[in-house]
Amino acid sequence: MYEKLNDIRQKCLSCNKCRLAETRTNIVFDDGLPNPKMMLIGEAPGFYEDKEGKPFVGKAGQLLDKIFASVGLSREKDVYICNTVKCRPPENRNPLPDEKEACWEYLQAQIDIIHPKIILLCGNVAVQSILGNVGGITKIRGKWFDGGEIVHGAKLMPIFHPSYLLRNDTREKGGPKWLMWQDIQEIKRYFDKL
Ligand code: URA
């Protein structure tokens, strides 16, 4: 598994299929053990990720670590983390359709190699890449989806992106943080049954 992932990583290192290659500092390929139980797909690297070459290391990443830790899951050991695109879009804009398309082969290869049982789709960009137009994140978060062949039958759950939670900090019942807490508990219940 490590060798296969490394082959794909090497391909990304020399990739210049889209304009994001021109402005990247580092490719941001993955983090965490290639754990076949659970994978998380985020949107795209930001400023700190581009600098360090590792996904979710900025403020959003720190919140993500806390969310996993709140139910006893370890970011390092229990989840394999990657993004829909491997290079940072300028000014942290959303990746454009042709950029996502250019990078798709790498994400598909990661899914094929890891063959995860659960895939967490973190935010709208990740949801659209895998599930297409199934509705906005506020409507579909917390629901299990069957992803079909491209994900080898994995169970998919859309979840709020931690940057959204940072911008919507209220802890009140029914608010984004409260909903995230419901979702991570459901994810943990399913994870424990695997
Ligand atoms: N946001 C993402 O979606 N991915 C990262 O790696 C960092 C921030």
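Numbering of ligands and ligand atoms starts at 1, following listing order.
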Compute the shortest N/O to N/O distance between P45 and ligand 1 and return yes if it is under 3.5 Å, no if not.
no

Check whether any side-chain N or O of N92 sits under 3.5 Å from a backbone N or O of G46 as a donor-acceptor pair, and report yes or no.
no

For ligand 1 and E43, I'd like to know whether there is a polar contact (N/O to N/O, distance under 3.5 Å).
yes

For the backbone of C82 and the side chain of K86, can you confirm whether one donor and one acceptor N or O come within less than 3.5 Å of each other?
no

Quick one: does K54 get within less than 4.0 Å of ligand 1, heavy atoms only?
no

Record the part of A44 in heavy-atom contact with ligand 1 below 4.0 Å; permitted values are side chain, backbone, both and neither.
backbone

Atom 4 (N) of ligand 1 - nearest protein heavy atom and its distance
N83 OD1, 2.8 Å

Exam field: side chain Q108 to backbone I150, donor-acceptor pair closer than 3.5 Å
yes

Output the list of atoms in ligand 1 that are nearer than 4.0 Å to some heavy atom of G42, sorted by atom number.
3 (O)

Find all atoms of ligand 1 within a distance of less than 4.0 Å from any non-hydrogen atom belonging to P55, and give their numbers and elements.
6 (O)

Begin from the C-alpha positions of M157 and Y190 and carry the test side chain to side chain contact (heavy atoms under 4.5 Å, CB included) through to its verdict.
CA-CA 11 Å; M157 186 185 284; Y190 194 86; over 6 Å; no

Does the E186 side chain pair with the main chain of Q182, one donor and one acceptor, at a distance under 3.5 Å?
no

Could you tell me whether G46 and ligand 1 have an N or O pair separated by under 3.5 Å?
no

For ligand 1, which atoms sit closer than 4.0 Å to a heavy atom of H161?
1 (N), 2 (C), 3 (O)

Y106 six-ring centre to K11 NZ/CZ under 6.0 Å and within 45° of normal
no

From the list I113, D30, L40, side-chain contact (heavy atoms from CB on, under 4.5 Å) partner of Y80 resolves to D30

